[in-house]
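So that the names make sense, note that chain A is the first sequence line, chain B the second, and so on, each numbered from 1. When reading the values below, keep in mind they use all heavy atoms of this one structure, side chains included, and skip hydrogens, waters and symmetry mates.
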Protein chains: 2
Amino acid sequence: MLRTVTMSDVARAAGVSPMTVSNVVNGRPGVSEAVRRRVLEQIEATGYRMNAAARQLRSGRSGVIGLAVPELDRPYFGALGSHITRVAKDAGYRIAVEETGAGEAGEIDAIQLSQSLQYDGLILSSVNMDLRKIGGVQSFPIVLLGERDNPTGADHIALPNVEGARAVTRHLAERGARRIAYVGGPSTEAVSIFSLRREGFEAGLADAGLEVPRGGEDPLRFETQLITMEEGRRAGWQIAESPQLPDAVFAITDTVALGVVRGLADRGVRVPEDLLVAGFDDVPESEYLVPSLTTVAPDHEWTARRAVELLLARMEKPSRTGNEERAPFTVAIRESTGG
Amino acid sequence: MLRTVTMSDVARAAGVSPMTVSNVVNGRPGVSEAVRRRVLEQIEATGYRMNAAARQLRSGRSGVIGLAVPELDRPYFGALGSHITRVAKDAGYRIAVEETGAGEAGEIDAIQLSQSLQYDGLILSSVNMDLRKIGGVQSFPIVLLGERDNPTGADHIALPNVEGARAVTRHLAERGARRIAYVGGPSTEAVSIFSLRREGFEAGLADAGLEVPRGGEDPLRFETQLITMEEGRRAGWQIAESPQLPDAVFAITDTVALGVVRGLADRGVRVPEDLLVAGFDDVPESEYLVPSLTTVAPDHEWTARRAVELLLARMEKPSRTGNEERAPFTVAIRESTGG
DNA sequence: TTGTAGGCGTTATCAC
DNA sequence: GTGATAACGCCTACAA
């Protein structure tokens, strides 16, 4: 690779000082039109490109915001990345998305994080990391997305996990369901989408005057370890093979719900004729499935916009106290619960 | 924000030189165990973090490979990002995914590109950019993904667009379809997935001894401007309202196929009972849909691995001549064409 | 309006 | 095994 073209090279070629080139490149005022043109010509001629590393080293800014998500191939995160990219662009920032790999998370995220200091800020959407491990980064602008205890004082946008699950569960009850199955993650005490959506589900049952299972075996609870279509499908099989088919299923995410519907279909159980199904997230596909999927629809636009706003505010004023916010939502009622 | 902790600070605290700290941080040999421990202690104590910009400025490497995709919220690109991230990690690189925004592309991509020189290399999966605009970046390692003329001499991995579309079209014919509709992008001469998958489709028709439409009006061709579920749905409506229902539909992508199936369902047309449907890409959802979707399944793992391999080889030896490769594929036969 | 000096945090090189 | 020195390419501050 040939030697890199630097500002000095351009300056020499144009017969000016490096500083003048810098001024031209950055659109700063105080450069005569003649010189400006001459410099631009030489930039073209030499094929000069700004060195981002040098600029950042000097200015401390990279103009890039990192977005860390656990899995890129889940529609929810794809849509999130897409929204955030658009919002950030309007604010003059680029977004670089990184996949942290869910599950093990902790370590990986931490590494990711430490390295990501090349970004001006980070929007972190992770499920499993212990936030206390973020130590030493207090001074780095971070916005947390998604559920968790937040002992860090960082800005945090939560999904309407409890309220959303509660509302959609009530909806299932209003549709006449009495025995409502729950398909979701493992029972844990830690605050997570697992615990919160479950909590909302139980609150919804209570609202509807339905029995809330307490301890011991719960024949209507189907635990999955991961939030995947495959795990949902397995749960669908189990549900279909239950001694008594439930009236409805609430799945912890649309991705899982898709798997559940598939699993039910594998066993000849039809949705919504034999059984209602509802999910959570309103991923883009949900509206187009057959049957289209009833789901809790958090306002993704709002979330993206707010995440960027909070991050920019924090970058501006690192001493701000952390915000705790919650995305608004609706329940999108579709064919999978009778339309 | 407090002053950043630098290597010098750590060095002073540990009573060694900055160079030694650098050696420890980078795991270079030739540091006594005692000193190493002392340095690590002080790194911990001071909360020191490497400055990526400075390292890159000095070493010329960032350890980051860029992946530019047109749309993050299309499952195909989510899956691609996910695969590539895993492969790259094994090779010691991180992946930063950027959304370029399809459609207008050209400019945006070019900008994206020029900025992305902070990466050690770039995997570019774009649809619309005129590659000649990449001028001035010949010395920058790039691997192109997807369809196009490739006048640049850069490494290029193509999808099996022609062969795949051909094979799946033959499959539809083997299932007894005579009148096969095509749902895809606009007619263009430029080489693109639009032109290539269409070409493969027509070849498949010919293989099966079916009539290949020539010029003029083709009642079995439904053009979409974008590759979206919504456009697919509209095409589904049109198909359902045709004077005579076709026997089968080949949709240019799974995303479009999903929309088509939805649009057909809106009009009471059932898949596969009334009509067979096949797609292209084998996105993760396709297997879980009801009915599961028959589709051309390029080997995504292979593509990801090969893309990273080619890029690394190019980074190693910039003078390599460009490779032209084509991903292997199978036709995943599922319920939407009768299983 | 343009130029000069110096340093951002790291590492390659070479001496000790 | 460890340290001194000099860049990497740019930008802030100030001088001309």
Side-chain angles (χ1 to χ4, degrees), chain A residues 1-40 42-43 46-64 114-120 139-140, chain B residues 1-40 42-43 46-64 114-120 139-140:
Chain A
M1 189 145 24
L2 301 162
R3 206 178 74 69
T4 317
V5 182
T6 76
M7 273 191 178
S8 303
D9 298 326
V10 177
R12 203 173 315 115
V16 299
S17 83
M19 201 49 230
T20 301
V21 177
S22 174
N23 287 331
V24 171
V25 168
N26 293 285
R28 280 186 279 258
V31 180
S32 70
E33 198 43 42
V35 171
R36 154 171 263 101
R37 188 154 344 164
R38 200 138 43 85
V39 168
L40 289 174
Q42 288 310 316
I43 285 179
T46 55
Y48 167 75
R49 307 266 162 180
M50 252 277 301
N51 180 317
R55 173 211 281 265
Q56 188 191 347
L57 177 57
R58 185 61 239 219
S59 71
R61 287 192 10 122
S62 65
V64 180
S114 68
Q115 294 185 320
S116 60
L117 294 178
Q118 78 191 257
Y119 299 134
D120 293 344
S139 59
F140 187 69
Chain B
M1 189 145 27
L2 301 160
R3 207 177 74 68
T4 318
V5 181
T6 76
M7 273 191 177
S8 302
D9 297 328
V10 177
R12 202 171 316 115
V16 299
S17 82
M19 201 52 230
T20 300
V21 176
S22 174
N23 287 330
V24 171
V25 167
N26 292 283
R28 280 187 276 258
V31 181
S32 70
E33 198 43 41
V35 171
R36 155 170 264 101
R37 188 155 343 165
R38 201 139 42 86
V39 169
L40 289 174
Q42 287 309 315
I43 286 179
T46 55
Y48 166 74
R49 307 267 160 178
M50 253 277 301
N51 179 317
R55 173 211 279 259
Q56 189 190 346
L57 176 58
R58 180 62 236 209
S59 70
R61 290 189 9 120
S62 66
V64 180
S114 69
Q115 295 186 318
S116 60
L117 294 179
Q118 78 190 258
Y119 300 135
D120 293 343
S139 60
F140 186 70

Within the structure shown, what part of the strands sits under 4.0 Å from R36(A) by heavy-atom distance: base, sugar-phosphate, or nothing?
-> nothing

Check whether any side-chain nitrogen or oxygen of N51(A) sits under 4.0 Å from OP1 or OP2 of dC8(D), and answer yes or no.
-> no

note: M7(A), atom CE; dT4(C), atom C1'; distance rounded to Å ~ 16 Å

Could you write out each protein N or O paired with an N or O of nucleotides 3-6 of chain D at a distance under 3.5 Å?
| from | atom 1 | to | atom 2 | distance (Å) |
| --- | --- | --- | --- | --- |
| dG3(D) | OP2 | S17(B) | N | 2.8 |
| dG3(D) | OP2 | S17(B) | OG | 3.4 |
| dG3(D) | OP2 | T20(B) | OG1 | 2.8 |

Selected nucleotide, minimal atom distance to Y48(B) side chain, candidates dG9(C), dC10(D), dT10(C) = dT10(C)

Quickly work out the Q56(A) CD to dC10(D) P distance and round it to whole Å.
-> 14 Å

Selection from dT11(C), dT2(D), dT2(C) that lies nearest to any side-chain heavy atom of R55(B) | dT11(C)

Neighbour count >12 (heavy atoms, 6.0 Å) for atom CZ, R28(B) | yes

With respect to the side chain of A54(B), which nucleotide from dT12(D), dT10(C), dC10(D) is positioned closest?
-> dT10(C)

N26(A) vs R55(A) side-chain heavy atoms within contact, under 4.5 Å | yes

If you measure from OG1 on T46(B) to CZ on R12(B), what distance do you get to the nearest 0.5 Å?
-> 11.0 Å

Could you go through the side chain to side chain contact (heavy atoms under 4.5 Å, CB included) check for T6(A) and N51(A) one step at a time?
-> CA-CA 8 Å; T6(A) 76; N51(A) 180 317; over 6 Å; no

Whole-Å distance between dT1(C) P and R28(A) CZ?
-> 15 Å

How far does CD of Q42(A) sit from CZ of R38(A), to the nearest 0.5 angstrom?
-> 9.0 Å

Do M7(A) and V25(A) have side-chain heavy atoms sitting under 4.5 Å apart?
-> yes

Distance check: side-chain N/O of S32(A) vs OP1/OP2 of dT2(C), anything under 4.0 Å?
-> yes

When you check the phosphate oxygens OP1 and OP2 of dC8(D), does a side-chain N or O of S59(B) lie under 4.0 Å from one of them?
-> no

Rounded to whole angstrom units, what separation is found between the CZ atom of R12(A) and the C1' atom of dG9(D)?
-> 13 Å

Nearest whole angstrom, please: distance from the C1' of dT11(C) to the CG of N26(B).
-> 8 Å

Nucleotide dC11(D), atom P - distance to CG of L57(A) in whole Å = 11 Å

For Y48(A), which of V39(A), I43(A), D9(A) qualifies under side-chain contact (heavy atoms from CB on, under 4.5 Å)?
-> I43(A)

Grab the CZ-P distance between R49(A) and dC10(D) for me, whole Å please.
-> 13 Å

Round to a whole Å and report the spacing from CD1 of I43(B) to P of dG9(C).
-> 16 Å

